[in-house]
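Mind having a look at this structure? Questions to follow.
Atom set for the values below is all heavy atoms of this structure, side chains included, hydrogens, waters and symmetry mates excluded. Quick note: residue numbers are just sequence positions, from 1.
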Amino acid sequence: MLVGTGDPRLADAGVSGHKFARQEALRQAGFRVPEFFCVPAEVFDTVARDLVPPPPDPGDEAALTALAAEAAGRLAAEVPQEG
């Protein structure tokens, strides 16, 4: 599921994330913002939950670095699908 420019859900940071919500607010205020779309945060979280294991202890820098590298590789290998 994608949310595109002009969709009212873009203004909700809980749906689209803060960056896209701010871009939509700027567009609604009359600023020139290129057309865009986003994957809602809930959809990303659902996909990421299956791809990325739970994070390690926040104080374990080496484990966090390894997790970030593994997560980046797994996410990069996935192909978005229209749904």
Side-chain angles (χ1 to χ4, degrees):
M1 170 175 86
L2 299 176
V3 179
T5 301
D7 187 314
R9 295 175 293 171
L10 279 176
D12 181 351
V15 172
S16 63
H18 294 285
K19 176 181 177 180
F20 291 115
R22 285 191 297 268
Q23 286 179 311
E24 180 62 8
L26 287 169
R27 190 189 69 75
Q28 289 178 5
F31 288 88
R32 292 179 57 195
V33 177
E35 295 285 322
F36 65 93
F37 65 90
C38 74
V39 176
E42 179 179 304
V43 173
F44 178 83
D45 290 344
T46 299
V47 171
R49 179 181 57 236
D50 296 337
L51 295 173
V52 180
D57 179 342
D60 187 347
E61 186 176 338
L64 287 170
T65 300
L67 174 69
E70 179 185 353
R74 286 182 172 195
L75 291 170
E78 289 299 310
V79 178
Q81 299 176 8
E82 281 192 44

(request) Consider only side-chain heavy atoms of I, L, V, M, F, W and Y, link residues closer than 4.5 Å, and tell whether V43 and F37 are in one cluster. (result) yes
(message) Do R27 and Q23 make a side-chain contact, defined as non-hydrogen atoms from C-beta onward lying under 4.5 Å apart?
(response) no
(message) Can you tell me if E42 has over 12 outside heavy atoms packed within less than 6.0 Å of its CD?
(response) no
(request) Look at the side-chain heavy atoms of Ile, Leu, Val, Met, Phe, Trp and Tyr, link any pair under 4.5 Å apart, and say whether F20 and L2 land in one connected group. (result) no
(message) Do E61 and T65 make a side-chain contact, defined as non-hydrogen atoms from C-beta onward lying under 4.5 Å apart?
(response) yes
(message) Looking at every non-hydrogen atom in both residues, tell me the closest pair between G4 and L10 and how far apart they are.
(response) O-CD1, 3.1 Å
(request) Only counting residues at least two apart or in another chain, list the ones meeting side-chain contact (heavy atoms from CB on, under 4.5 Å) with D7. (result) V3, R9
(message) Using every non-hydrogen atom in the two residues, find where P56 and L67 come nearest and quote the distance to one decimal.
(response) CD-CD2, 3.4 Å
(message) On a heavy-atom basis, which atom in Q28 and which in A11 lie closest, and how many Å separate them?
(response) NE2-CB, 4.4 Å
(request) Mind listing the closest non-hydrogen atom pair of G14 and A41 along with its distance? (result) O-CB, 4.2 Å
